[in-house]
Structures are given as structure tokens and as C-alpha cells.
Q: 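Questions regarding the structure given below will be posed in turn.
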Amino acid sequence: MKSFLKKYRILFLSFLIVLLLFACQNISGFPIGKGSRPAFSDFCNTLFQDEVTSNTLNLHFTLKNPAAAGIRSYDVSLGHMSKDSPKNTKRELTSLQKQLKKYSRRSLNSDEKLTYDILNDYVTRQLALAEFPYYDEVLSPSGGITSDLPILLAEYQFGTKQDIEDYLAMLSQMDAYFSGILEYEQEKAKKGLFMSDSSCMKVLDGCEVFTEHPDDNFLVQTFATRLDSLEGLSDSEKTDYISRNQTVISEHVIPAYSKMISGLTKLLGLGRNNWGLCNFPEGAAYYEALVAYYTGCDDGVESLYQQIEAARQEDMSACKQILAKNPKLAAASPELDSSLTDENAMVKFLQTAILKDFPKPPKTNCEICHVDPALSEYLAPAFYITAPIDDYLNNRIYINDANAYDDLYYFTTLAHEGYPGHLYQTVQSYRYGIEPVHTLLDYPAYTEGWATYVEMQSYYYAGLDSELAALLQHNQAATLSLYATSDIGIHFYGWKEADMKKFWSDFGISDEKTIRSITDLILESPGNYLKYYVGYLKFRQLRAACEEKAGKKFDPVKFHEQILQTGPAPFTLLEEKML
């Protein structure tokens, strides 16, 4: 299994962080009184507009043309965060839940009922998390605001002059925005919930790398490139914009990161817990709520632990059977066809290869980009930038060249991020016409579980011997299950270093450096691996149930089509709909 150990990938959402969802926005402006209530569709449209304009990054990454969606004016904002954010979020969620309850579900049509059920489920799961203020960590070493925000800013494309003005206005707010984050982190420290020193040092390292060369910062470099993509700008206008960008970066962006460095440095030593969440006063209960949100199911942590263990045994048993039949496969070196060593050729091949199992997608543009070396150490091996609702035919996948890829890993990565993974999933769901407000709801196990499920499928598209493909797929699934079990072990059952060593050594992994690296990833991002593995497992279980019910009539294309038509949803609802 050693050759398949890897840090799993993340999907970049069109908003920075779930904590900001429904926070710091006006969702109480609906005329709900006696005999006065907007139609449910109007309620959803207004909610969508309120949320998508709550910060300008949301708006820009969700809609290419806001005016066409009825959004003609908005305040430019990065959003707002402070020590009061948890309280504000809970208040807004409670308000939204009360407004939802004013609608009679029975009076809605089938599409509205689906949206109602998903909204209600989402708010319920978020409210469960809101019972544990200050447990959420917005500055995790990988996937935190300080590391994610620069990538989203570098991806901020300019279609109009207004886009440039909005972008520069947001940059000028970054010092104030980071001050609010620091205030939140200081409050976490007062509550005894601040991150460990090791995690804090990694965040500090990332901030310091970003500020090392302020005059040659990659946000300076990419700005000029993005200006060139906007037609109609004169040379003098470009020169003026470039000068303004450099000024804003030097006066607001770099100082924001410098202030973050100073503020976090003062908090070093205040973290009271270097291990799992269960070591915090309400940590185990918070982890249960976090897992319920991340996985979109109501099975409970202990039940999931048992399901993961049972699935791992199935995969390992399959590996043993394959190797008993063909022992030479243990030493086989999987090689792709020579025509598939180029990334663009791989994407093009996958677009066609998936058609026997998945609905045909529309023609799309897929640009493969590469992470700036300055950020490579702090970002995932690969990620997909979610396309706007009204411009979903143009897509970008980022590859982090800091990771050593062999051809098969690259191929399965592009399947995970591209076809039939995140890119395909996003394009198809938009194409099927899911409600705009639905696109803003984050169900991590649906999105990451789907991408992991299809990644496992991609081994059979790679042109490998069928038995070798099966061996690699079952091995990869078993390996990922080890991460998921470890996540629960550390954060719910209180595993320490000795427990991790024993667990992994039982599966042939005894290198202490490797185990320490796995442990650090799990400590820094509680529940992260459950998004991938439990999501994958639920799709696997759902497919098995549908195959059993349909028998010989089972059609994988129709099965996958119905999942994509539903869109991001809890598995409790998806299973009911599919079965």
C-alpha cells in the first residue's frame, strides 16, 4: 500500500468557507406577516441573491453576468468575520429555519419539495454545528483562508472594467478582513480552543512565504496577465490599473499578512490540545456534528466506523483473491498507453471513455493550470475551481507540481477533478437545471464522494489488464479507508501516537515519518477524509442497492444521471429518492 499513500485532493468551492454561508447578510427582509408570504420560488431566488452578494468573491465565482440574474447593484465586500461571527451565524440560521417552516411542503411541486427538503436539512446540520461556537478552525494549514484566498484572487478573471474595480476594492479591504479573523482566533484562544503550536507554525510559514517578495508577489504577476484577457483596454489604462494594483498590494495585502503573522505569533503557546477533538471539553460531540455535516448522513460515528471496517475487509479480500489467482500482479508496474502521458490527451480520452457508464456531457473547455511554486507547499495536489452557473462550459483544473506524479496517478487525478469527477459533476448538475440556491449548499460527501467514486472507476478506463485494474482499485479504496478509520480513531476515540503506530503497522506501514505525516494531516483537518471515503462508500452502497433492486435492468447511465439531476444533497434524501 505504500506506493498509494497520498494526501487527498480538495474541491475549491465558489465561496471561501462554510462559516460565511448565511452569515452577515439580510435574510429577514421578506414580507412575511398574516396572509402575506412570497411564493416559495421567490423566497429561494431572494435567498440566492442575498447569499451570493454577501461577499463579492461569492458573486464573481457564481455568476459571470450578475445583471442577467437580476443583480444590478451590490456592495463590494470580502465578507466580515469577528469574535461575534458564531453568534451571528446561529441567529441567521435560526431565522432562515423559521421562514422555511412558514411554507406548507404539501403545497409545493416536486422540484420545490426537493429544494425545500435540502434547504431544511442543510440548515439543520449547520445549526447542530452552531451549538459549538469557536470549534471551527478557519486558518488550518491546508485549506485555510490565508492559503486559499490568494488562489481565488489569482483566479478572479476580468470580463469588464467593473470586475477590475471590484477586485481592487476587495484587495483594499484585506487588512480589515484579516483583523476580523484575528479577533475570532483571539476569542478561540480565550475559550481554550486555539490550534496547536505545530499547526500555527505551518500557518505562519505559509504567510511568511506569501510576503517574502512583496514587489514580485504572484498577485502582481497574474494581474497583468488577466488585464491582457480583457479587450478594449488602452495601454494607459493598463498602466494605471497595474500601478493601482501594486499600491493596494503594498498598502493593504502585504500588511494584512504581516499583521496576521504578528497576531498569530502572540497566540503561540495558548493552544491547550495537540491531539484529537475529543480532548476538548465538548470535542467528541462537536466531531459528531461535524461528521454528520461532512458526510450528509445520519448513521452516527460508531456506525460509520463499523461500515468503514467492513468495507475495508471486502476490498482486502478482493485483493487477496486476485493475487491468489495471479501472484505476478503484486510486482506489476502499471503503465498507461503511450498516447495518454499528456494531460490534455488524458482529459480528451476520459471524455469519451466514460460514455458507457455516464450521460454524455456537453462540449466544454478545460484548461489545465499549474500552482505557483510559491504556494505549492501549502496547497493540495490538485483541485478544480467551480465554474460559474452562467458560464459552466469554461473550466480550470489546477495541478500542484510539487507532488511526484506517475502517469497512472495523473490519470486518476484528472478523472477525480475532471471527467467524470468534479468538473463533469458540476457541468451536468448545472445543465440539468438545479435551482440556483441549491448550487450554494455545500454537501462535501456528495461532491468529494462522487469524485472518489468515479476515480475508483477510472482504473478500468486506463487500458490496464482488468485484473490489475481491479487490484489497484480495491487497494486504493482499502488505503483510503485507513485514513478514514484513523480520523475517527484520533478525533472520536482518542487515539494517540502509539495507537496510530499499532493500527498502521497491522497493515504493513511501519515507517514513523509516514505515520507522523498522516497523523498531522488528520489533526489539522478533522473529518476531512470522511468527506472522501464515507461519500464514496455511500455511493458504492447506493449502487449495490439499486443493482439488487433492478437486477438485469440496471443501467449505470440512468443511475448516474439521476444522482446528477438531484444535485448536492444529503445521502438520507438521495437514498430515498433513488430507491
Side-chain angles (χ1 to χ4, degrees), residues 10-17 20 51-67 69 71 74-80 143-178 210 217-233 237-238 240-254 256-257 365-372 374-375 378-379 383-398 423 426 439-440:
I10 58 171
L11 167 68
F12 263 65
L13 300 167
S14 58
F15 40 85
L16 280 179
I17 191 161
L20 298 179
E51 161 55 22
V52 83
T53 56
S54 64
N55 72 66
T56 310
L57 278 173
N58 273 17
L59 179 62
H60 188 80
F61 281 98
T62 305
L63 293 170
K64 184 177 182 179
N65 185 1
I71 300 172
Y74 51 88
D75 294 328
V76 177
S77 173
L78 265 177
H80 176 71
I145 289 176
T146 52
S147 61
D148 287 5
L149 185 55
I151 286 292
L152 291 175
L153 291 171
E155 267 296 298
Y156 198 102
Q157 301 302 308
F158 302 140
T160 64
K161 289 183 181 180
Q162 186 61 50
D163 288 338
I164 303 173
E165 295 294 340
D166 289 352
Y167 176 83
L168 294 174
M170 281 194 299
L171 290 188
S172 68
Q173 297 175 16
M174 195 178 294
D175 39 7
Y177 181 52
F178 274 27
F210 183 83
N217 186 279
F218 79 99
L219 288 181
V220 174
Q221 299 167 4
T222 60
F223 184 80
T225 303
R226 284 176 283 154
L227 284 182
D228 290 337
S229 66
L230 179 57
E231 297 180 0
L233 284 182
E237 285 177 313
K238 288 182 180 179
D240 179 60
Y241 278 133
I242 288 172
S243 175
R244 287 174 59 189
N245 180 59
Q246 290 175 323
T247 299
V248 170
I249 288 175
S250 64
E251 292 183 358
H252 296 281
V253 177
I254 299 301
Y257 274 85
N365 298 317
C366 176
E367 182 181 356
I368 307 296
C369 306
H370 295 266
V371 172
D372 188 283
L375 292 175
Y378 304 96
L379 291 176
F383 50 89
Y384 162 66
I385 301 283
T386 308
I389 298 171
D390 55 350
D391 188 34
Y392 62 80
L393 298 184
N394 295 300
N395 295 270
R396 281 185 173 84
I397 292 172
Y398 271 83
L423 187 160
T426 300
T439 68
L440 298 179

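Worth saying up front: this structure is predicted, and the values here are computed from it rather than measured. Sequence positions, counted from 1, serve as the residue numbers for this chain.
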Q: To the closest 0.5 Å, what do you measure between OH (Tyr384) and CG (Asn395)?
A: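 Output value for this atom pair is 3.5 Å.
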Q: Going from CG on Asn58 to OG1 on Thr53, what distance comes out if it is rounded to the nearest 0.5 angstrom?
A: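 Reported to 0.5 Å precision, the distance equals 8.5 Å.
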Q: State, to 0.1 Å, how close His80 and Tyr177 come at their nearest heavy-atom pair, and which atoms those are.
A: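 Looks like N-CE1, 4.3 Å.
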Q: Please tell me whether Asn245 and Tyr167 have a donor and an acceptor in their side chains that are separated by less than 3.5 angstrom.
A: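 Note: Asn245 and Tyr167 side chains miss the donor-acceptor criterion.
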Q: Considering only heavy atoms from C-beta outward, does the side chain of Asn55 approach that of Leu78 to under 4.5 Å?
A: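 No; the side chains remain at least 4.5 Å from each other.
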Q: Could you tell me which residues satisfy salt bridge (charged side-chain N to carboxylate O under 4.0 Å, His left out) with Arg396, sequence neighbours excluded, listed by chain and number?
A: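 For Arg396, the residues satisfying salt bridge (charged side-chain N to carboxylate O under 4.0 Å, His left out) (neighbours in sequence not counted) are Glu155, Glu367.
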Q: Considering residues at least two apart in sequence or located in another chain, which fulfil the ring pair (Phe, Tyr, Trp, His ring centres under 6.0 Å) criterion with Tyr398?
A: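 With neighbours one apart ignored, the set is Phe383.
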Q: Less than 4.5 Å apart, any side-chain heavy atom of Ile164 and any of Arg244?
A: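 SC-SC contact between Ile164 and Arg244 ruled out.
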Q: Heavy-atom distance under 4.5 Å between the side chains of Tyr156 and Leu219, does that happen here?
A: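 They are not in contact (no side-chain heavy atoms under 4.5 Å apart), so the answer is no.
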Q: Taking the side chain as everything from C-beta on, heavy atoms only, tell me whether Asn365 gets closer than 4.5 Å to Leu393.
A: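 A side-chain contact under 4.5 Å is absent here.
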Q: Does the side chain of Gln157 reach to within under 4.5 Å of the side chain of Asn394, using non-hydrogen atoms?
A: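 Of all side-chain heavy-atom pairs linking Asn394 with Gln157, none is under 4.5 Å.
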Q: With a 3.5 Å distance limit and no angle check, can you tell me whether Thr56 reaches the backbone of Ser77 through a side-chain donor-acceptor pair?
A: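 The answer is yes, because a donor-acceptor pair under 3.5 Å joins these two groups.
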Q: Side chains of Leu233 and Phe158: does their closest heavy-atom pair fall under 4.5 Å?
A: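 With C-beta onward as the side chain, the pair stays apart.
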Q: So, for Asp175 and Ala256, which heavy atoms are closest and what is the spacing to 0.1 Å?
A: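 The pair with the smallest heavy-atom distance is CA-CB, 3.5 Å.
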Q: Looking at side-chain heavy atoms only, is the closest gap between Leu153 and Thr222 below 4.5 Å?
A: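 No, side chains not in contact.
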Q: Mind running side chain to side chain contact (heavy atoms under 4.5 Å, CB included) on Glu51 and Thr62 for me, showing each step along the way?
A: CA-CA 11 Å; Glu51 161 55 22; Thr62 305; over 6 Å; no
Q: Enter the distance from Ile242:CD1 to Thr247:OG1 here, rounded to the nearest 0.5 Å.
A: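 The OG1 atom of Thr247 is 12.0 Å from CD1 of Ile242, to the nearest 0.5 Å.
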Q: Who passes salt bridge (charged side-chain N to carboxylate O under 4.0 Å, His left out) against Asp240, sequence neighbours left out?
A: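 Checked Asp240 against salt bridge (charged side-chain N to carboxylate O under 4.0 Å, His left out); zero matches.
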Q: Determine, step by step, whether His252 and Leu171 satisfy the side chain to side chain contact (heavy atoms under 4.5 Å, CB included) criterion, reporting the C-alpha distance in whole Å, the side-chain angles of both residues, the deciding distance to 0.1 Å, and the verdict.
A: CA-CA 7 Å; His252 296 281; Leu171 290 188; 5.9 Å; no
Q: I need the Thr160 OG1 to Asn65 CG distance, nearest 0.5 Å.
A: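 Here the rounded value is 9.0 Å.
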Q: Using the test salt bridge (charged side-chain N to carboxylate O under 4.0 Å, His left out), find all partners of Asp228 that sit at least two apart in sequence or belong to another chain.
A: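 By the salt bridge (charged side-chain N to carboxylate O under 4.0 Å, His left out) rule, Asp228 matches Lys238.
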Q: Measuring from atom CG of Leu57 to atom CG of Leu152, what distance do you get when rounded to the nearest 0.5 angstrom?
A: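 Rounded to the nearest 0.5 Å, the CG-CG separation comes out at 6.0 Å.
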Q: Going from CZ on Phe210 to OG on Ser147, what distance comes out if it is rounded to the nearest 0.5 angstrom?
A: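 Answer for the CZ-OG pair, Phe210 versus Ser147, is 11.0 Å.
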Q: Closest approach of Tyr257 and Thr146, non-hydrogen atoms and distance?
A: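 Reported closest heavy-atom pair: OH-O, 2.8 Å.
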Q: With sequence neighbours excluded, what pairs up with Glu237 under the salt bridge (charged side-chain N to carboxylate O under 4.0 Å, His left out) test?
A: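 Partners of Glu237 under the salt bridge (charged side-chain N to carboxylate O under 4.0 Å, His left out) test: Lys161.
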Q: Starting from the C-alpha separation in whole Å, work towards a yes-or-no answer on side chain to side chain contact (heavy atoms under 4.5 Å, CB included) for Val248 and Phe223.
A: CA-CA 12 Å; Val248 170; Phe223 184 80; over 6 Å; no
Q: Could you go step by step and tell me if Ile249 and Ile254 meet the side chain to side chain contact (heavy atoms under 4.5 Å, CB included) rule?
A: CA-CA 6 Å; Ile249 288 175; Ile254 299 301; 3.9 Å; yes
Q: Going by ring pair (Phe, Tyr, Trp, His ring centres under 6.0 Å), name the residues that satisfy it together with Tyr241, two or more places apart in sequence or in a different chain.
A: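 Ring pair (Phe, Tyr, Trp, His ring centres under 6.0 Å) check on Tyr241 returns nothing, list empty.
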